[in-house]
Amino acid sequence: MNQMKEVSSGEMLSLCKRRGFIYPAYEIYGGIAGLYDYGPLGTALKGNIADLWRRTYVLQEGFVEIDGDTIGPEAVFKASGHVDNFADLSVTCKACGESFRADHLAKGLHPNPDSLSIEELQGLLRANGVRCPCGGEFADVEEFNLMFKTKIGPGAGRTGYLRPETAQSIFVNYINLYRHCRERLPFGCIQVGRGYRNEISPRQGVIRLREFNMMEAELFVDPEDKSWPRYGRIKDRKVRLVPNTDGVEVEMGIGEAVDRGIIGNETLAYFIWVTYDFLTAVGIDPARLRFRQHLKAEMAHYASDCWDAEALISFGWTEIVGIADRGCWDLSQHMRFSKADLTAFKRFDEPKEVERDAIRPKFGAIGPRFKGAAGDIKRQMEAMDASAIHDGLVTVIVDGTPVDLDADHYDVVRVREKVNGVRVVPHVIEPSHGLDRILYSCLEHAYAERDGYVTLRLRPAVAPIKVGVFPLMAKDGMEEVAKALDLALREEGIATYYDDSGSIGRRYARMDEVGTPWCVTVDYDTLEKGDVTIRDRDTAEQARVPADDVVAWVKDRLKHGLVC
RNA sequence: GCAGGUGUAAUCUAGCGGUCAGGAUUUUAGCCUUCCAAGCUAAAUACUCGGGUUCGAAUCCCGACACCUGCACCA
């Protein structure tokens, strides 16, 4: 077997630039860290990966796709938690370089350090002589806001942010999508698009970017039924798992992992498999792919379970997909901030006659006391039943503050109601893919070098160019035949590269280096017998095929069914 | 953001205060060539940017920017 040399990130990025996959952005102006442009081949590769992903989610799993805005008003990111959690006040030790959350250091010095401004926090830390555990002195308090802030509209405008993830565009469209999907759970929505994070220290080429491409799927499920119809057919498939219990890597069946409680539920498990299937289909090496469960401490507070697909590349094990059960957190947050009803109605098979103890407001007491707020209090009471009464008191929110109301303000009445169903806040299962990272991992995993000769063994489905078309030499009419064949392929939507320059070997080499799976050569025999050679990139073997059959030959090999 | 290292064509690189910055690969034009980076001829493209020291700077110094390695960050 070939001695495969491990590719370094430097060599990889050099090839990416030389061959038009990825360019450092704004290079003629000195470049900006964390920004890269996709060149002609990189753009094609990215598009092909995204298309395959769409096939998986839209055609195979029945998701719908939207395309949301990348700019959003502040309220959206208040609700999502990004405004507060994404902007930390921090201080760095001048001596040892360690960074700390400034508000954490101020704990015990102030009842609510979270509420302080930069200046106040600065003063508080200075006044109390807070120092680093190493004994060093702290530099000034700084704000790290990981979101790009902007103004929407002229003048003062409204504060807006570039979205740090695409997911929010789906959550804010929940009502529209729920209706579009005929008001039934589960339903899923995907989005391919850009997100923005003002990273403190972008590094590692295209792995940590300030503007990046994501492919995110949000699946809205019944909180009490996290099963999935297609689960049964894949539950015996095996993947490499690294559970957070002991951190030991195991190869295990999807179903077994669910049965043993390692993976939280069937749907999550199913999409771990879909992710495995998708990643290997675009060319991630199964031997360099694993699923690592987030540690309890690492998991976002709202997530109940989260698995990262990690690829082994020159930077080490790198997260390329995160698959999380986010519970009802996102929709609940947006309900709280927007007051919109982001629930699903679960219809019972049979309407139920239920009796319950309802709370009925006494307007004689509430009206004079609360005036305009009485209507809102009525609505709150109607949403409750007797179980909300504690020590004879009912708690309602008036102008944002809780108010306890005694029995003078309400009656408890036994009511009989017909109930057709129940409203639930759907839970969200989110497979979130870093497209740039997947693309880069594909390149590294496709990289094969022997004696300085580089071949990118990209899967045909994602290869930017599918077929190189050459006349053996540009004379004696061979170029006309080759050009006609080239056109015939392109007319069928197959990306080709026509080349009649230099030696045939050099042309093959050029195609090998950009991952073109097949090269078709028109030679003297073609002129007489009408057949051509098709040369395979990975084996360098040649097959003779009638020129008229080439289009069908290629289409047949590019035809990919749905994966699992 | 901190500390250290590095910046010469599209890529890899020579240079170490002193003639038009050298080579290789690549690319382009032409010749040659009957299938795997062949050969010949010509051509194109570079000292990251901005200051300073010096008679003279790719070379020494300062700053910015970018890249690499650690640290920190990565909801």
Side-chain angles (χ1 to χ4, degrees), chain A residues 8-11 13-20 23-36 39 77 80-88 90-101 136 139-140 142-147 164-165 167 197-205 207-210 212 294 297-303 306 314-315 318-319 322 324 326 329 434 451-455 468 470-476 478 501-513 519-527 532-537 539-542 544:
Chain A
S8 74
S9 60
E11 287 170 318
L13 288 167
S14 163
L15 183 139
C16 282
K17 186 178 173 193
R18 192 157 41 83
R19 288 304 188 186
Y23 306 130
Y26 308 110
E27 218 181 358
I28 63 169
Y29 288 104
I32 300 282
L35 297 181
Y36 284 84
F77 303 108
S80 70
H82 289 100
V83 169
D84 295 324
N85 297 334
F86 233 45
D88 291 339
S90 75
V91 288
T92 304
C93 171
K94 288 177 180 170
C96 68
E98 190 90 1
S99 276
F100 297 90
R101 288 272 297 268
D140 289 349
E142 293 174 306
E143 184 176 42
F144 287 152
N145 192 335
L146 273 292
M147 280 199 295
E165 58 176 14
R197 296 179 190 186
N198 202 358
E199 294 287 351
I200 295 164
S201 167
R203 202 76 74 76
Q204 303 174 315
I207 299 303
R208 175 88 65 76
L209 294 171
R210 289 190 164 128
F212 52 100
H294 274 206
E298 181 182 12
M299 229 175 295
H301 59 278
Y302 49 80
C306 184
S314 58
F315 299 113
T318 303
E319 175 193 351
R326 297 170 68 122
W329 198 80
D451 304 327
Y453 186 96
V454 174
T455 302
F470 316 141
L472 187 57
M473 282 169 295
K475 61 177 187 184
D476 300 332
M478 285 184 280
S501 73
S503 75
I504 191 75
R506 175 168 305 199
R507 284 177 268 163
Y508 285 149
R510 199 181 278 127
M511 288 293 100
D512 286 346
E513 205 181 18
C519 291
V520 174
T521 303
V522 171
D523 57 19
Y524 283 101
D525 282 353
T526 310
L527 302 179
V532 297
T533 58
I534 301 182
R535 177 254 192 195
D536 181 86
R537 175 193 66 206
T539 61
E541 279 166 11
Q542 301 187 344
R544 285 225 60 105

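Order of the sequence lines fixes the chain letters, A, B, ..., with proteins taken first and strands second; residue numbering starts at 1 for each chain.
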**Q** Pairing check on B:G56: which nucleotide meets the Watson-Crick or G-U wobble criteria with it, both distances under 3.5 Å?
**A** none
**Q** Strictly by Watson-Crick or wobble contacts shorter than 3.5 Å, is anything paired with B:U45, and which nucleotide is it?
**A** none
**Q** What pairs of nitrogen or oxygen atoms, one from the protein and one from nucleotides 31-35 of chain B, lie under 3.5 Å apart?
**A**
unit_1	atom_1	unit_2	atom_2	d
B:C35	O2	A:Tyr508	OH	2.3
B:C35	O2	A:Gln542	NE2	2.6
B:C35	N3	A:Tyr508	OH	3.4
B:C35	N3	A:Thr533	OG1	3.0
B:C35	N4	A:Asp523	OD2	3.0
B:C35	N4	A:Thr533	OG1	2.7

**Q** Please encode protein proximity along nucleotides 61-68 of chain B as a string of B, S and -, counting only heavy-atom distances under 4.0 Å.
**A** ----SSSS
**Q** Would you kindly give the CD-to-C1' distance between A:Glu11 and B:A10, to the nearest whole Å?
**A** 17 Å
**Q** I need the CD-C1' distance between A:Glu165 and B:C74, as an integer number of Å.
**A** 14 Å
**Q** Is A:Arg507 reaching over with its side chain to a backbone N or O of A:Leu472, donor-acceptor style, under 3.5 angstrom?
**A** yes
**Q** Using purine N1 to pyrimidine N3 plus N6-O4 or O6-N4 for Watson-Crick, or N1-O2 and O6-N3 for G-U wobble, each under 3.5 Å, what pairs with B:A10?
**A** B:U25
**Q** With both distances under 3.5 Å as the test, what is the Watson-Crick or G-U wobble partner of B:A72?
**A** none
**Q** Residues in side-chain contact (heavy atoms from CB on, under 4.5 Å) with A:Asp476, at least two apart?
**A** A:Tyr524
**Q** Does any N or O in the side chain of A:Arg197 come within less than 3.5 Å of the main-chain N or O of A:Arg208, such that one atom is a donor and the other an acceptor?
**A** no
**Q** Kindly write out the residues that satisfy salt bridge (charged side-chain N to carboxylate O under 4.0 Å, His left out) with A:Arg203, not counting sequence neighbours, or none if the list is empty.
**A** none
**Q** Between A:Arg537 (side chain only) and A:Asp512 (backbone N and O only), is there a donor and an acceptor less than 3.5 Å apart?
**A** no
**Q** Please list each protein N or O that sits under 3.5 Å from an N or O in nucleotides 44-46 of chain B, with the distance.
**A**
none

**Q** Could you tell me the Watson-Crick or G-U partner of B:C67, where both distances fall under 3.5 Å? Say none if there is no partner.
**A** B:G5
**Q** Considering Watson-Crick and G-U wobble pairs with both distances under 3.5 Å, what does B:C31 pair with?
**A** B:G39
**Q** How close or far is atom C1' of B:U26 from atom CD of A:Glu513, stated in whole angstroms?
**A** 10 Å
**Q** With sequence neighbours excluded, tell me which residues meet ring-ring contact (aromatic ring centres under 6.0 Å, His included) with A:Tyr508.
**A** A:Phe470
